[in-house]
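Note sheet for the following structure.
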Amino acid sequence: MIRHQIEKLIAEAIRAAQEAGEIPAAGAPEPLVERPQRPEHGDYASSLPLRLARAAGMNPLELARVIAGRVPTGGAIAAVDTAPPGFINVRLSPEWLASQVDEIVQQREAFGDVALGEGKRLQVEFVSANPVGPIHVGNGRGLALGDTLARVLKAAGFEIQREYLVNDAGTQTETFAATLYARYQQLFGREAEIPEGGYPGEYMIEIAEQLKQDRGDSLLRSPGEPYPPELHDLGVARMVDGIKGDLAAIGVEYDNWFSERSLYKDGTYEKAMALLRERGCIAQREGAVWFVSSSLGEEKDNVLVRSTGQPTYFASDISYHYDKFLLRGFDRVVDVWGADHQGHVPRMKAAIAALGVDPDNLTIIIYQLVTLKRGAETVRLSKRAGEIITLREVIDEVGADAVRFNFVARAADSHMDFDLELAKRQSQENPVYYVQYAHARIAGILAQASDRIEDWSAGDLSLLAHEAELALIRKMLRLPELVEAIAISLEPHQLPYYAVELATAFHDFYEKCRVLSDDEALSMARLKLVSAAQLVLARTLSLMGMSAPERM
RNA sequence: GCCCCCGUAGCUCAACGGACAGAGCAUCUGCCUUCUAAGCAGAGGGUUGCAGGUUCGAGUCCUGCCGGGGGCACCA
């Protein structure tokens, strides 16, 4: 990656200048180079002299000149300049830029990949909504974040597993089952009330009807008796199928569906608790079992097992992470949680550490909750209250690509408003179409070209010298840098912004440079360029899980 | 009360401690006999919530205040 090469050259220039005694020895802070906002500042810039000036006891501009003078030009680098108050500006050579089109065309779908993960096994767990209702709009954010992260991390060289934790062991699915049983009984003409805190949604009736179809009245018990355990399991299985369908509608596929209950069945829970006990992190008090996180710097202790003998969600989650790290041996785990779980983060980290796992190997991404609006009115989301706005409904209205684009475009810690009316109204004016249109336009050009020119692989790239052509190439070359940056920061919202910039660069080129013309040599060079642009657009879209249409 | 997050253009949001704070939507003005006008060119629109501080340099870091969201259970 050219960026790394430039960083290396600057680091070497500093070292050489220090050895020559031109500047005093001092450590160089990272990062070495950045992308300047203004094109006149070159392709890469370094503000290192400004930060080094004090320690070196030198004028920053003078320092910049000394360092810049030791960076060799030629090849990829056309010029290394300095600018007040102490910047070093590096400019890439147009010839080199043009030649990179071949690199992209050769790498094809692999362009954008970077070797960062080194095949380390990394799990991304996201959504994991309780299987008591369909996926709603609010979950869309975690979904877009998690899936996009998984895609980017894979491109960055990690071995990725997407996991969904099915909470099938808690009180929520019991209430769910009780509700389902009530609906089921109603289908046989029995008087049955939905329990307190149950789920009044229509979908429960549908599941009950399916059960009746498949099982007839075999799940019915004498009046007053509780529902059979089988009904719980069948209901949850149905719900999980429904959730899988919701997720498929937006193009998300998990590698693993992990049953919370399996932790209790196969002894994982016991093993995790035994390990905590061994480490002296457990106390018995007031009839309950506590995790003594206060001794680990936490504000207070937390209950693991209630006085009723029921383990808490916290205990369950500890054994779940015990399973991830110690049993399945993931090198890193990324959990994507909504802000309503934010308070759970420090104690989870403490618990991980108590299990002997480096807490840095667990990254918990907290995304702020989505405020759903219908115009000026705020819509309250609740599975228990009447109104649920399902993700499916929004996808049907706005389209899966636009939904994904909108959710992933917001930084996780920004509080976002999702206006249903606006989303529908803007679905035709959505930036996602702007990006896809660029891809479709290229497909149109390539289709026409194939009538006239059979093979443009011999196109002479040195003919690409127009500003718009070079600007497009510059944008394309940023993709690997972006993949690397996102794999480190875990902030995928950069991707949609990049996609728009890339499309802008193409549309601008399209206005200024005609691809198919009488000049056959130039046509061939430009066909190569747009083929490359199409590859990069498609890759960018695919990193966000969006389609790249050939025609619009 | 304590903890976490946010406050940037009319709206929705970007901005790796760096150079003149940027996009989309909305508003206004132009551009289709030539590869897709779902496009392009241009205009207006900002005291980055307020007040201090650190720094060569602050939307970004620190302190206080104001406003909003979330959390502080033997819920998940």
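Please read these numbers as outputs of a predicted model, since none were measured by experiment. Lettering of chains follows the sequences in order, A, B, ..., and the numbering in each one begins at 1.
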Item to check | Aromatic plane relationship, Tyr320(A) with Phe258(A) - under 30° parallel, 30 to 60° tilted, over 60° perpendicular | outcome: tilted
Next on the checklist: Between Val500(A) and Tyr497(A), is there a side-chain heavy-atom distance shorter than 4.5 Å?
Outcome noted: no
Item to check | Spacing of Arg141(A) atom CZ relative to rC5(B) atom C1', expressed in whole Å | outcome: 11 Å
Next on the checklist: For Watson-Crick and G-U wobble pairs within 3.5 Å on both distances, what is RNA chain B written in dot-bracket notation, | included for inter-strand pairing?
Outcome noted: (((((((..((((....[...)))).(((((.......))))).....(((((..]....))))))))))))....
Item to check | Side chain of Tyr497(A) - closest among rA76(B), rA23(B), rA14(B) | outcome: rA14(B)
Item to check | His232(A)/Thr173(A) under side-chain hydrogen bond (donor to acceptor under 3.5 Å, both in side chains): CA gap, chis, key distance, verdict | outcome: CA-CA 7 Å; His232(A) 172 281; Thr173(A) 51; 3.1 Å; yes
Item to check | Gap in Å between the two C1' atoms, one belonging to rC40(B) and one to rC65(B), rounded | outcome: 48 Å
Next on the checklist: Please give the distance between the C1' atoms of rC5(B) and rG52(B) as a whole number of Å.
Outcome noted: 23 Å
Item to check | Sugar-phosphate, base or nothing in reach of Asp518(A), heavy atoms under 4.0 Å | outcome: nothing
Checklist entry - Between rA37(B) and Arg441(A), is there an OP1 or OP2 to side-chain N/O distance shorter than 4.0 Å? => result yes
Checklist entry - What is the distance from CD1 of Ile88(A) to P of rA19(B), rounded to the nearest Å? => result 17 Å
Checklist entry - When the C1' atoms of rA73(B) and rU63(B) are considered, how many whole Å apart are they? => result 33 Å
Next on the checklist: So Gln494(A), base contact, sugar-phosphate only, or nothing? Heavy-atom distance under 4.0 Å.
Outcome noted: sugar-phosphate
Checklist entry - Nearest-Å distance, CG (Asn406(A)) to C1' (rA23(B))? => result 14 Å
Checklist entry - Base, sugar-phosphate, or nothing for Gln448(A), non-hydrogen atoms under 4.0 angstrom? => result sugar-phosphate
Next on the checklist: Using a heavy-atom cut-off of 4.0 Å across all strands, would you classify Glu40(A) as base, sugar-phosphate, or nothing?
Outcome noted: base
Checklist entry - How many Å lie between CG on Leu420(A) and P on rC11(B), as a whole number? => result 19 Å
Checklist entry - Tell me, for nucleotides 26-33 of chain B in 5' to 3' order, what letter each nucleotide earns: B for a base near a protein heavy atom under 4.0 Å, S for only sugar-phosphate near one, - for neither? => result S-------
Next on the checklist: Within the 4.0 Å heavy-atom criterion, would you say Asn430(A) contacts the bases, only the backbone, or no part of the nucleic acid?
Outcome noted: nothing
Checklist entry - For Ala45(A), which contact category applies under a 4.0 Å heavy-atom criterion: base, sugar-phosphate, or nothing? => result base
Checklist entry - Which nucleotide sits closest to the side chain of Gln342(A): rA38(B), rA14(B), rG70(B)? => result rG70(B)
Checklist entry - Relative to the ring of His344(A), is the ring of Phe314(A) parallel (under 30°), tilted (30 to 60°) or perpendicular (over 60°)? => result perpendicular
Checklist entry - Could you go step by step and tell me if Gln172(A) and Asn130(A) meet the side-chain hydrogen bond (donor to acceptor under 3.5 Å, both in side chains) rule? => result CA-CA 8 Å; Gln172(A) 297 214 27; Asn130(A) 285 328; 3.2 Å; yes
Checklist entry - OP1, OP2 of rA37(B) versus side-chain N and O of Tyr510(A): anything below 4.0 Å? => result yes
Next on the checklist: Less than 4.0 angstrom between a side-chain N/O of His344(A) and OP1 or OP2 of rC72(B), yes or no?
Outcome noted: no
Checklist entry - With rounding to whole Å, what would you report as the distance between rC66(B) and rA43(B) at their P atoms? => result 42 Å
Item to check | Pairwise distance CG(Leu529(A)) to CZ(Phe509(A)) - rounded to 0.5 angstrom | outcome: 5.0 Å
Item to check | Lys373(A) with Glu377(A): basic N within carboxylate O range, under 4.0 Å | outcome: no
Checklist entry - When the distance from CD of Gln37(A) to P of rA19(B) is rounded to whole Å, what number comes out? => result 5 Å
Checklist entry - Hey, does Glu550(A) reach any base, or is it just sugar-phosphate, or nothing, if we go heavy atoms under 4.0 Å? => result base
Item to check | Test item: His439(A) and Gln534(A) side chains (from C-beta on) under 4.5 Å apart, heavy atoms | outcome: yes
Next on the checklist: Categorize Phe87(A) for me: base, sugar-phosphate, or nothing, with a 4.0 angstrom heavy-atom threshold over every strand shown.
Outcome noted: base
Checklist entry - What does His341(A) touch in the nucleic acid at a heavy-atom separation under 4.0 angstrom: a base, only the sugar-phosphate, or nothing? => result base
Checklist entry - When we call it a touch if two heavy atoms are under 4.0 Å apart, what does Ala339(A) touch: a base, just sugar-phosphate, or nothing? => result sugar-phosphate
Checklist outcome for this item: The residue, His41(A) or Pro311(A), whose nearest nucleotide of RNA chain B is more 5′ is His41(A)
Checklist entry - If you measure from the P atom in rG22(B) to the same atom in rG44(B), how many Å do you get, rounded? => result 14 Å
Checklist entry - For atom C1', what is the distance between rA9(B) and rG49(B), given to the nearest Å? => result 15 Å
Next on the checklist: Which nucleotide wins on minimum distance to the side chain of Gln368(A), given the candidates rG69(B), rA19(B), rA76(B)?
Outcome noted: rG69(B)
Checklist entry - When the P atoms of rC50(B) and rC11(B) are considered, how many whole Å apart are they? => result 15 Å
Item to check | Value in whole Å for how far the P atom of rG39(B) lies from CE of Met552(A) | outcome: 9 Å
Checklist entry - Nearest to the side chain of Ala83(A) - rG70(B), rA19(B), rG24(B)? => result rA19(B)
Next on the checklist: Please pick, from rA19(B), rG70(B), rA14(B), the nucleotide with the shortest atom-to-atom distance to any side-chain atom of Asp340(A).
Outcome noted: rG70(B)
Checklist entry - Between Arg35(A) and Glu481(A), is there a side-chain N and carboxylate O pair less than 4.0 Å apart? => result yes
Next on the checklist: Determine whether the aromatic ring of His507(A) stacks with the base of rG39(B), defined as ring centroids separated by less than 5.5 Å and ring planes inclined by less than 30°.
Outcome noted: no
Next on the checklist: Suppose we call a contact any N or O donor and acceptor under 3.5 Å apart; does that hold for the side chain of Ser414(A) and the base of rC6(B)?
Outcome noted: no
Checklist entry - On a plain distance test, is the side chain of His415(A) in donor-acceptor contact with the base of rG68(B) below 3.5 Å? => result yes
Item to check | Value in whole Å for how far the P atom of rA19(B) lies from CG of Leu61(A) | outcome: 17 Å
Next on the checklist: Given rA23(B), rA14(B), rA19(B), identify the nucleotide with an atom nearest to the side chain of Val500(A).
Outcome noted: rA23(B)
Item to check | Aromatic ring pairing Trp337(A)/His321(A), orientation class (parallel under 30°, perpendicular over 60°, tilted between) | outcome: perpendicular
Next on the checklist: Taking the minimum atom-to-atom distance to the side chain of Glu34(A), which one of rC6(B), rG18(B), rC35(B) wins?
Outcome noted: rG18(B)
Next on the checklist: Closer than 4.0 angstrom, basic N to acidic O: yes or no for Lys324(A) and Glu125(A)?
Outcome noted: yes
Item to check | Close side-chain approach of Phe506(A) and Val530(A), heavy atoms under 4.5 Å | outcome: yes
Item to check | salt bridge (charged side-chain N to carboxylate O under 4.0 Å, His left out) between Lys512(A) and Glu469(A), intermediate numbers included | outcome: CA-CA 9 Å; Lys512(A) 291 173 177 159; Glu469(A) 294 170 328; over 6 Å; no
Checklist entry - Using the purine O4'-C1'-N9-C4 or pyrimidine O4'-C1'-N1-C2 torsion, is rC32(B) syn (within 90° of 0) or anti? => result syn
Next on the checklist: Taking the minimum atom-to-atom distance to the side chain of Asn167(A), which one of rG18(B), rA76(B), rC40(B) wins?
Outcome noted: rA76(B)
Checklist outcome for this item: Rounded to whole Å, OH of Tyr434(A) lies from C1' of rC40(B) at a distance of 9 Å
Next on the checklist: Give me the distance, rounded to whole Å, that separates rC13(B) from rC6(B) when you measure between the P atoms they each carry.
Outcome noted: 14 Å
